[in-house]
Amino acid sequence: MAHTEPSDKKTTATLTIDGNQVTVPVGATILEAAAELGIKIPTLCWLKKVSTTGACRICVVKVEGVERFMTACNTPVKDGISVTTSSPELEIARKKTLELMLVNHPLDCPICDAAGECDLQDTCYSLQVDKNKYTAELERLPIRYDWKLLESDPNRCILCEKCVKVCREVVGREAIEIVDRGDRTIIDTISGEPLDCDFCGNCINACPTGTLISKPFKFRGRPWTFEVTRGICSFCASGCEIEYHVGNGRVERVTSSDDGYNKGNLCVNGRFGYAAFNSSGRLTAPLVKDASGNQQKAGWDQALAAVAGKLREIVKAGGGAAVAGIGSPRVTNEESYLFQKFLRGAVGTNNIDSEARLGFFPAQVVQYRMLGYSGGTYPMDAIEKATAVVVIGSDLKAESPGFAYRVIQAATKNDARLVVASSRATSINKYANAFLQYRPGSEAFLVAGLNKALIAEGLQNTAFIEKNATGLDAATAALDAISFEQVTAATGISEAALREAARLACSGGRTAVIYGADVIRSADMATAVKRDRQPGAADRCRGRSRSRHLPAGREEQHPRHAGYGRLPRVPARLPYL
Amino acid sequence: MAQVVFSTWGRNVVDNRNVSGEPQEVSFKLPVAFDGEKPLRAFMGWDGIILFDKYVDVPAMTAEYMKRVQTLYCCGRCTPGKKGTKVLMDLFQNVLARKATEADLDTVGDLAELLKNCKCTLCQSATVPVFDAVTHYRADFLAYINEACGPNTEKAAYIHKITAPCMDKCPAHIDIPKYIEEIKNYQYSEALATIRENMPMPSVCGRVCPHPCETACRRKNVDDAINIMVLKRTASDYERQHNITPPMQPKPAKGKKVAIVGAGPAGLACAYYLGLEGYKSTIFEALPEGYGGGMIAVGIPAYRMPRPILQRDVDIIESVGSEIRYNTRVGKDITLPELKQQYDAVFLAPGAHRSKPMGVEGEDKGYKGFLSGGIDFLREAYLGRPTGMGKKVCVVGGGNTAIDCVRVALREGAEESILLYRRSRKEMPADVWEVDGADEEGVRFEFQVLPTKIIVDANEQVTGVECVRMAMGEPDASGRRRPEPVPGSEFIVECDTVIPAIGQDPDLSFIPPDMGIDITKWNTVVTKYLPLKDAAGKDLKDGMGNMLSRSLITDCDGVFAGGDAEIGPLTVVACIGNAHRAALVIQRWLEEGKAYLSDQDIFDDLLTYLGVYDKNEQVPWLDSCDRANQNEIHGRERAAKGNYREVELGFSDSTAQIEADRCLRCYRMAMVAV
Ligand SMILES: Cc1cc2nc3c(=O)[nH]c(=O)nc-3n(C[C@H](O)[C@H](O)[C@H](O)COP(=O)(O)OP(=O)(O)OC[C@H]3O[C@@H](n4cnc5c(N)ncnc54)[C@H](O)[C@@H]3O)c2cc1C
Ligand code: SF4
Ligand code: SF4
Ligand code: SF4
Ligand code: SF4
Ligand code: FES
């Protein structure tokens with residue numbers, strides 16, 4: 001038996017399933033190979049987006065030459081094997097296993113939230129499990145009514161582990177675990193205390209039964225009665241695909257399909273934020289003031305006519321500039337576009353604003369000026385394939401959970417090294433290989449320090465830079481003008497820690513850099529990326545003037561005044577994803 | 001002599017219940033009395049049942065077995081296991097409560113068949129003895145069901161133990177399937193916590209352990225063993241690479257204190273487990289600061305065990321409640337009786353640091369270039385002191401120490417490094433990968449040669465070793481063939497340095513003879529043991545020839561011993577397992593004034609003696625995932641002068657996760673009736 005070194009491996013395997021040949025990549029499971037052929041093997045615990053579990057034992061298949069049944073969901077294929085997915089013996093095994101699963105199951109389908117979309121129901125139905133010869137003493141486990149937003153009835157649990165795995169592997173919260181032994185094994189918090197977690201509800205989405213349910217949804221309607229509208233969640237920039245379930249004019253729940261871009265994973269806002277739609281304080285019809293100044297419900301035509309008339313009056317009297325439009329930061333790009341088009345073209349004003357200007361916008365402006373583009377360089381799913389991820393100035397899961405989920409995938413499943421630089425500990429720190437806790441507001445120094453360390457360690461991708469960028473010498477010179485001591489004095493981070501972080505950040509050659517609100521709002525954000533800045537300019541535009549309070553003379557040595565401002569393109573350019 | 005009344009063990013039925021003539025002869029590797037006193041009445045486990053006493057209540061024992069499996073160990077993570085054992089447990093409870101029917105007994109066979117689809121072996125293997133019981137003791141079950149009085153039996157007490165083949169073979173009994181499953185589930189910190197329950201030096205044993213567990217891995221019966229060792233390294237690397245603070249919280253200090261002689265793995269492990277329990281210890285260590293870890297620090301080379309990583313393990317152990325006093329040799333700087341007087345208990349773990357003589361002409365003459373021994377050479381090299389090594393180095397021996405010497409000699413700048421060994425390459429006691437590693441680095445091997453004389457020049461400087469070639473002789477009385485010198489085959493291996501690496505003994509000169517501490521003829525410390533005997537009346541012994549079940553207290557009250565100095569030179573993991581036990585016994589001694597082994601300790605020893613792994617077992621499984629092996633640095637440069645960079649590179653987390661998924665989770669429960 002070898003002690004080191006992997007053996008050479010073929011990359012594909014060809015096997016026969018129910019008499020049909022199929023070739024799949026090595027490492028694929030029998031279940032996946034069968035799916036290639038359109039053969040469906042029943043499953044209950046298998047969930048594509050998490051690691052395999054092998055708990056339900058429903059997916060058993062027969063592999064020729066292997067004396068026991070193998071579970072298709074977690075058995076990798078082997079070249080040359082012959083698999084049978086359906087036979088009387090297999091049917092019996094599946095049926096008996098389901099019978100066992102139903103021992104002491106409450107079978108309270110009439111009032112179970114999951115009825116109609118329960119995998120257990122569906123599987124028992126399709127395998128025609130209509131009797132049960134196994135019995136055991138009945139013991140009812142307490143239902144957790146004391147959790148917020150979620151309710152758990154462990155008696156309905158089939159222990160497929162989907163919830164636990166989603167919480168651990170996708171959300172990174174590890175709030176629930178499998179506890180206790182034997183037939184009393186349940187899903188619970190490790191401490192037994194009420195659930196205290198992100199309340200993203202992704203476990204509810206994953207639960208194939210009525211065990212983990214949404215409290216706000218309980219008794220709000222049978223799942224099949226709703227009208228389902230697909231949409232994109234607008235709570236943050238992650239762009240998660242969601243489905244609104246609407247009945248009687250109310251949004252009663254939000255779900256997300258595992259087949260979507262976000263693999264069904266949402267955050268608390270996306271999943272439970274719909275409460276706002278149903279708020280009694282919300283405007284549901286236009287209101288128009290009557291003659292005595294009281295607001296009265298009106299039809300859209302009437303309301304729009306009133307607005308159009310007033311606008312016309314104002315423009316006539318004071319010109320287009322008398323009108324200003326304020327858009328919502330929650331609307332889509334397309335809607336924002338139409339809004340400004342309307343104001344410019346129809347009304348004739350340039351007085352347009354949006355709260356969005358106070359968020360990502362300033363960073364976009366600087367990034368555009370420096371790099372020629374204002375968004376990300378790759379679609380966000382590229383994060384998952386990165387070999388290193390650097391997160392700067394962001395409590396990522398709070399700001400943009402969709403990004404955080406992808407960083408977690410990269411770090412845990414794809415061996416990416418993670419460097420987190422933040423002024424405070426964040427929830428993704430536990431995956432970080434290096435955590436640079438800098439002084440609040442020193443983001444620019446931090447970035448400069450990282451770049452300095454990167455060049456000092458000789459880690460820059462010279463070939464890439466030569467092909468795609470200019471000004472490396474100038475950048476290096478600019479960085480040379482600041483010393484590590486200065487960086488350390490400003491950020492509180494040692495040179496050794498910066499070098500270590502730079503090495504980690506460059507491992508593997510595909511680095512994703514994500515920066516967040518702390519960078520955008522940082523007093524020296526503009527400095528971090530801006531060339532040719534006037535001393536003090538950034539401070540003025542941010543309405544802050546820290547450096548002006550520096551004693552005379554010190555000001556000269558302050559690196560923000562000492563050449564760092566002339567840094568050409570470097571901080572945001574070096575990451576070579 | 002204990003008679004086997006009935007057995008299905010090994011799937012072989014022996015039924016002496018109603019024989020008129022000679023009962024069928026059968027013996028098992030079990031003692032006649034569980035702890036040397038309480039007779040072993042029955043044994044029940046994954047491979048059947050064994051009855052030594054015909055008055056054992058088989059239905060009651062069966063019911064108890066199933067109940068313990070379902071309520072204590074069934075993890076609930078697969079449907080047949082979770083529900084099947086529940087149905088079985090309740091069924092047998094109903095038998096005892098006379099609520100069952102005869103038809104219920106048929107369910108046992110049906111479920112035994114269905115539970116073959118379980119995810120792991122625990123619940124599935126539990127159906128084996130249970131099914132045997134209802135099959136062969138059906139009348140006893142029926143007596144419960146149909147008659148008023150039940151079978152004619154005497155009440156028994158039951159003791160059980162959960163095990164797995166790998167876990168049993170691991171001398172520290174680490175819960176291997178548990179930590180492997182945790183890695184499979186991306187729970188690296190949990191995995192490390194599991195490992196630390198029995199192994200406080202995970203980064204060491206994740207790197208240099210000879211991994212006996214892997215020789216008993218049931219996955220071998222499918223294809224290759226799980227890479228248990230590197231998975232352990234993965235868990236420990238994860239903590240370090242993510243800057244995670246080890247989570248252990250020692251209990252509040254309990255006031256009593258323990259002195260420990262030696263900061264090797266045994267001393268450190270004992271300190272760790274005592275520390276967690278709230279007992280502060282002081283470790284007295286002869287070596288200077290920076291060399292904590294005993295033979296790991298001064299024997300095992302840094303290219304196998306990087307020192308900063310070793311130091312991290314040592315620091316963690318110290319932080320849990322011990323203090324290491326370096327540069328303090330017991331017997332010189334402080335005496336053992338002083339320790340005994342100043343501390344509530346003393347644990348001796350001085351290891352084995354005296355090189356054995358080679359038995360060759362000229363070795364005792366003090367020639368220049370003839371070094372005192374392999375371990376001395378290695379120690380001086382790591383301590384940065386002059387080793388006395390020249391340019392052409394001959395190392396004599398075939399064990400791991402000899403290999404470490406030839407490989408270190410290269411790194412110390414030897415131009416030629418030669419290994420002389422009496423037998424063939426195949427017979428070397430050194431691990432194969434170590435020999436291959438030396439080969440790759442350019443070590444020259446001379447197999448089947450016996451050094452006979454050291455050759456020196458006029459200045460008494462070594463210039464070579466005279467050797468004679470060996471060949472296999474005729475089989476002796478026992479049928480074994482021994483290597484014998486081939487007449488006339490003498491030749492000289494030129495060299496300027498000779499390092500004998502034949503083996504080492506403990507140096508116990510610090511133990512005053514009047515303390516009543518007994519010492520064996522192999523120079524190891526004698527500790528107390530249980531009088532475990534087999535049916536033929538012979539003492540049960542472990543693989544090293546020591547008594548099987550030792551409580552590790554010496555004949556001097558309050559003085560305990562462990563590690564290489566008690567076992568004989570062995571391995572880090574053996575020393576740690578042994579010292580963990582010592583810590584438990586010392587705790588009992590401190591709290592109850594008695595040094596004794598618990599039932600769990602004894603059961604561990606019994607299972608090790610019985611053997612949990614069965615190399616002949618047919619394990620039906622699809623062999624569709626090959627064993628993953630770690631990468632290593634290749635090329636001779638890795639052994640260039642001064643290059644002690646680690647050679648083996650460990651796993652990436654994703655490789656580890658896939659490797660962990662190969663594990664079959666071979667848990668099983670054994671139970672005895674006494
Ligand atoms: C070269 C070599 C390579 C090895 N490689 C491996 C390997 O790869 N894997 C493996 O598992 N095992 C290996 N071993 C074996 C392993 O190192 C030992 O079995 C183990 O270290 C013994 O542990 P211990 O705690 O009993 O004693 P030691 O590790 O020997 O520690 C005893 C300590 O006590 C100190 N000491 C001794 N006497 C006194 C005294 N009177 N006062 C104060 N302090 C004292 C010593 O300085 C030493 O630090 C190797 C051994 C050698 C020699
Ligand atoms: S709601 Fe989200 S964080 Fe909470 S337990 Fe479920 S998956 Fe985990
Ligand atoms: S709670 Fe739901 S998702 Fe979680 S194990 Fe039970 S059935 Fe599966
Ligand atoms: S212990 Fe093994 S057999 Fe039993 S329920 Fe758990 S996974 Fe299944
Ligand atoms: S397969 Fe896993 S549980 Fe079984 S012996 Fe090997 S390591 Fe242990
Ligand atoms: S789907 Fe394969 S075991 Fe559950």
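Numbered from 1 within each chain, the chains take letters A, B, ... in sequence-line order. Bear in mind that the values here come from a model prediction, so they are computed numbers and not experimental data.
- With hydrogens and angles ignored, the 3.5 Å screen pairs no side-chain donor or acceptor of B:D653 with any backbone N or O of A:T412.
- When all heavy atoms are compared, the tightest approach of B:S654 to A:K413 is CB-O, 3.7 Å.
- Counting all heavy atoms, side chain and backbone alike, A:C56 lies closest to B:T79 at O-OG1, 3.1 Å.
- With a 4.5 angstrom heavy-atom cutoff, A:E137 touches chain B via backbone and side-chain atoms both.
- Only the side chain of A:E139 comes within contact range of chain B, with at least one heavy atom under 4.5 Å from a heavy atom of that chain.
- In this structure, chain B has heavy atoms under 4.5 Å from both the backbone and the side chain of A:M101.
- Here the closest heavy-atom approach between residue B:K86 and residue A:N104 is recorded as CE-ND2, 4.4 Å.
- Both the backbone and the side chain of A:A93 come within contact range of chain B, with heavy atoms under 4.5 Å apart.
- Using a 4.5 Å cut-off on side-chain heavy atoms (C-beta onward), B:K116 and A:F69 make no contact.
- Contacts of A:T135 with chain B are made by backbone atoms alone, with heavy-atom separations under 4.5 Å and no side-chain atom involved.
- Within the 4.5 Å cutoff, no side-chain heavy atoms of B:Y186 are placed close to those of A:K165.
- The CD atom of B:E190 sits 7.0 Å away from the CD1 atom of A:I190 when rounded to the nearest 0.5 Å.
- Here the side chain of B:K83 pairs a donor or acceptor atom with the backbone of A:V103 at under 3.5 angstrom.
- Of all heavy-atom pairs between B:D623 and A:K78, the closest is OD1-NZ, 2.9 Å.
- Only the side chain of A:R168 has a heavy atom closer than 4.5 Å to any heavy atom of chain B.
- Close approach to chain A, defined as a heavy atom under 4.5 Å from one of its heavy atoms, is seen in B:T107, B:D110, B:L111, B:L114 of residues 104-114 of chain B, taken by number.
- Between A:E161 and B:R77, the closest side-chain pair of non-hydrogen atoms falls below 4.5 Å.
- In this view, B:Q70 and B:T85 satisfy the side chain to side chain donor-acceptor pair (under 3.5 Å) rule, not counting sequence neighbours.
- With rounding to the nearest 0.5 Å, the separation of CG in A:N433 from OH in B:Y238 is 8.0 Å.
- A heavy-atom distance below 4.5 Å is not found between the side chains of A:L100 and B:K82.
- B:N243 and A:A434 make their closest contact through ND2-CA, 4.0 Å (heavy atoms, listed as atom of the first residue, atom of the second, distance).
- Side chains of A:R181 and B:C75 form a contact here, defined as non-hydrogen atoms less than 4.5 Å apart.
- Taking 4.5 Å as the limit, every side-chain heavy atom of A:V77 sits out of range of all side-chain heavy atoms of B:S624.
- Side-chain atoms of A:S51 never come within 3.5 Å of backbone atoms of B:N185 as a donor-acceptor pair (strictly under, hydrogens ignored).
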